[in-house]
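Below you'll find the structure, written out as structure tokens, and then a few comments.
Order of the sequence lines fixes the chain letters, A, B, ..., with proteins taken first and strands second; residue numbering starts at 1 for each chain.
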Amino acid sequence: MRILLAEDDFVTRKFMTSFLSKYGDCDVTVDGMEAVDAFMMAMDEDDPYDLVCLDIMMPVMDGYQALIGIRNIEKERGIPQDKAVKVIMATALNEEKNVKMAFDLGCTIYSGKPINQDRFEQALQKLGLID
Amino acid sequence: MAEDFDRFEMLDTYLLETSQILERLQTVVLEYKDAECFSKEAIGEIFRHMHTMKGSAGFMMFEQLHALAHKTEDVFSYLRENEPKNVSQPELIEKILKVTDFIQSELDRLSDGKMADTSSEALIAELDEYLSSIKAGADKASDTDKDSKGDGTGADSGINDTPTQIYIAPKNSKASHYYQIYITYNPGTELCNVHAYKVVHALRTVTEDIQYRPSTILSDIKSSDEILDQGFKILLKSGSPKHKIEKIVSEGYETKSIEVTEIDAARYEAGLDLFGVDSPLAARITNNDEEYVPGDFVVHNATPGRGRRLAKDRTRRSTHINVAEADMDKLSQLLMKLVILQDRLLGDEELKESGLALKNFKKNAKKIKDVTSDIETLVGGMRMVPLTNTFLRMNRIVFEASRKLDKKIECVIIGDEVKADRGIIEHISEPLLHMVRNCADHGIEKPEEREAAGKNPTGKITVEAVNNGKELLITVKDDGTGLNREAIIKKARAKGLLDDDRTDDSYTDEEVFRFITLPGFSTNETVTEFSGRGVGMDVVLSSIEQIGGRLDIQSKRGEGTAMTMIFPL
């Protein structure tokens with residue numbers, strides 16, 4: 001599985017990379033803009049990501065903007081909804097409004113931080129991303 | 001409450017929504033408790049509620065609840081599609097209530113900070129069996145539509161259906177604590193900023209969020225002097241217990257004093273400006289009305305200390321604040337004191353006796369009175385909540401009692417939208433419950449007796465709230481047998497409660513009925529003779545009186561009893 005991570009905080013990034021690497025190859029970006037660029041690049045190279053993991057609070061573009069960017073690129077290229085990439089937002093922001101906006105924008109999993117690794121794995125299973 | 005702010009907002013929302021659905025579900029179910037069977041609309045409604053609960057449980061990844069809601073949905077899907085006849089209504093109701101009870105107990109576990117992971121397998125198996133039995137019954141009843149509609153349930157196909165969106169709560173978030181840490185260093189200590197940074201670094205492993213002052217410990221060497229002078233202040237959010245934090249912090253060098261104090265979330269959110277300020281009005285801005293938009297969470301600069309400043313923080317202002325309940329209580333108390341002092345001051349005897357005209361004084365006194373009374377109204381209003389939840393519960397109580405006692409009882413609820421002070425609501429739940437149970441138990445007669453007395457075989461219990469502007473009246477009324485005045489008087493005589501000089505007739509009903517609220521008066525066996533009313537009435541009365549209320553009892557033999565709790569506003 002190809003995974004893209006966007007996370008600006010060094011420590012969290014290090015942790016998330018090693019955590020996600022269990023499930024596949026994990027590319028790392030440090031802000032929302034870079035994440036959208038990486039996502040587009042992978043599409044162009046015909047090797048798209050299966051999973052995108054976004055932090056919300058990030059420089060340049062936040063996670064929401066990155067999510068919109070990603071969903072727009074998919075729309076532009078006529079990717080059907082069931083083929084759309086699964087997007088996980090992992091964030092310490094845990095207000096209902098934050099969660100709701102994420103889902104409205106097309107996020108697949110919203111995970112509070114610190115990440116509950118067991119539940120995270122369960123969710124990936126439910127989505128059929130891992131066995 | 002105070003420390004439960006937004007960390008659990010999703011969970012809170014889930015709990016709130018699900019319990020509202022449960023309430024509605026029970027209301028529908030109880031409406032049809034005595035009916036032959038559910039109407040088509042009711043079946044549809046129950047199905048929809050189950051469907052919603054299934055969805056939200058899936059979203060929160062509460063597998064057991066998800067599976068149970070799914071199975072119940074199956075049952076109702078079958079009922080909806082196939083409309084089988086000869087389904088026993090009491091049995092069906094019993095099954096639904098079992099399901100709602102299970103869900104309710106899981107909700108309770110969740111609000112206690114536990115996981116909703118009680119196995120629902122047994123209950124699901126029971127429902128499965130039940131479903132097969134009604135299917136079998138239906139098949140027998142009508143061979144014709146055996147294969148016309150299939151089994152109509154979508155069978156078990158959906159049990160593994162993937163929720164399209166999933167929410168994962170942060171790990172251990174329920175256990176988050178907030179600490180205020182204050183460290184001072186020995187005079188003359190050099191590089192205090194580095195010592196301070198070491199502390200922050202050491203805390204890293206337990207930190208969920210941190211703020212500290214001075215925030216420039218790494219970039220500005222002068223911060224060392226500020227620390228020496230004013231100490232190093234940290235606000236920490238962490239899942240770790242206090243002793244662990246203390247241990248980590250105390251490993252630093254050159255420290256003169258270390259204070260670790262646990263604080264509440266509101267205080268934490270109030271930030272470093274309130275550090276060490278005694279009993280702050282712990283208000284926290286929650287931006288309730290503010291809508292976020294994408295881009296609000298772009299990090300503009302990452303200064304050490306408070307860390308990040310977000311795009312949204314620059315432009316918007318909040319309109320709502322959350323206040324800790326304890327502070328709200330304190331505010332009410334202080335206000336009460338203020339009003340008393342104001343009356344004392346304005347009505348001061350010395351002023352009156354001075355004989356002065358005091359024109360200006362009187363004018364301003366009136367103004368102050370107006371202001372305090374405005375504040376009273378405002379503060380009072382903030383504490384008010386509708387009685388709906390408390391009242392609707394009575395439906396269920398009456399239903400259960402009627403089942404158990406083999407009586408037919410209808411429960412009528414009036415005025416549940418009336419608002420009452422939070423404190424009153426907390427105190428009346430128990431008495432109300434007790435009074436309603438008493439009505440069902442001892443007030444309402446068995447259907448045969450009622451018919452013999454020329455009454456409607458179905459008894460009626462009315463729970464009603466009225467706010468008449470001066471008082472809040474909550475009445476529990478039944479159309480049952482009423483209190484037996486003679487029996488009470490006899491009992492009171494025997495107990496020596498009556499004045500020997502007075503005849504029985506000279507006692508008013510009010511005086512007589514009051515006896516049943518005396519401790520020990522009714523626990524005697526003779527109670528049953530006057531309808532047993534009064535079991536635990538002393539407890540009821542004392543809870544009411546505790547919050548400044550009183551109890552009015554009206555009763556007419558053969559026609560019923562009405563008990564009214566009266567609370568001054």
Side-chain angles (χ1 to χ4, degrees), chain A residues 8-11 31-33 54-69 81-82 84 86-129, chain B residues 5-14 16-17 58-63 66 115 160-173 175-176 201 204-209 237-239 286-302 307-313:
Chain A
D8 69 321
D9 178 69
F10 174 74
V11 179
D31 66 56
M33 178 87 89
L54 299 171
D55 183 23
I56 289 185
M57 288 192 279
M58 289 189 292
V60 194
M61 273 167 76
D62 66 19
Y64 294 118
Q65 291 170 309
L67 176 58
I68 294 177
Q81 242 174 7
D82 57 323
K86 307 281 191 274
V87 177
I88 299 187
M89 300 201 109
T91 171
L93 294 171
N94 210 17
E95 271 182 72
E96 189 193 346
K97 278 185 297 184
N98 287 114
V99 182
K100 196 176 167 299
M101 177 157 73
F103 284 130
D104 287 348
L105 294 175
C107 143
T108 323
I109 300 180
Y110 192 104
S111 170
K113 275 185 194 167
I115 287 187
N116 185 330
Q117 299 183 33
D118 295 343
R119 306 286 276 173
F120 197 94
E121 195 157 290
Q122 261 179 9
L124 292 184
Q125 275 167 0
K126 282 192 155 254
L127 294 175
L129 287 168
Chain B
F5 283 134
D6 66 3
R7 287 169 296 150
F8 323 120
E9 230 182 81
M10 287 311 294
L11 183 61
D12 282 348
T13 309
Y14 171 79
L16 182 72
E17 283 177 4
F59 172 70
M60 300 293 287
M61 286 212 292
F62 297 142
E63 305 298 341
H66 180 247
M115 262 309 288
N160 293 317
D161 58 354
T162 321
T164 50
Q165 302 192 311
I166 299 175
Y167 171 76
I168 306 175
K171 196 179 176 187
N172 288 335
S173 58
S176 281
H201 188 76
R204 181 116 222 177
T205 50
V206 296
T207 298
E208 282 172 22
D209 190 21
K237 176 182 174 190
S238 167
T286 57
N287 308 337
N288 263 342
D289 282 355
E290 177 191 10
E291 282 304 320
Y292 295 146
V293 295
D296 275 349
F297 295 91
V298 173
V299 176
H300 273 277
N301 62 340
R308 304 150 148 229
R309 201 182 58 192
L310 299 176
K312 74 179 177 74
D313 296 338

Practice problem: Measure the acute angle between the ring planes of A:Phe103 and A:Tyr110, then classify it against the limits of 30° and 60° as parallel, tilted or perpendicular. | Solution: tilted
Self-check item: Structural part of A:Ile68 lying under 4.5 Å from a heavy atom of chain B
Solution: side chain
Self-check item: Toward chain B, the part of A:Leu105 with a non-hydrogen atom under 4.5 Å
Solution: side chain
Practice problem: Using a 4.5 Å cut-off on heavy atoms from C-beta on, say whether the side chain of A:Tyr64 contacts that of B:Val293. | Solution: no
Quiz item: Taking the side chain as C-beta and beyond, is there a heavy-atom pair between A:Met57 and A:Leu93 under 4.5 Å?
Solution: yes
Practice problem: Heavy-atom distances under 4.5 Å only: say whether A:Met61 touches chain B with side chain, backbone, both or neither. | Solution: backbone
Exercise. Please flag which part of A:Ala123 lies under 4.5 Å from any non-hydrogen atom of chain B: side chain, backbone, both or neither.
Key: both
Exercise. Determine, stepwise, if the pair B:Tyr14 / B:Tyr167 fulfils ring pair (Phe, Tyr, Trp, His ring centres under 6.0 Å).
Key: CA-CA 11 Å; B:Tyr14 171 79; B:Tyr167 171 76; over 10 Å; no
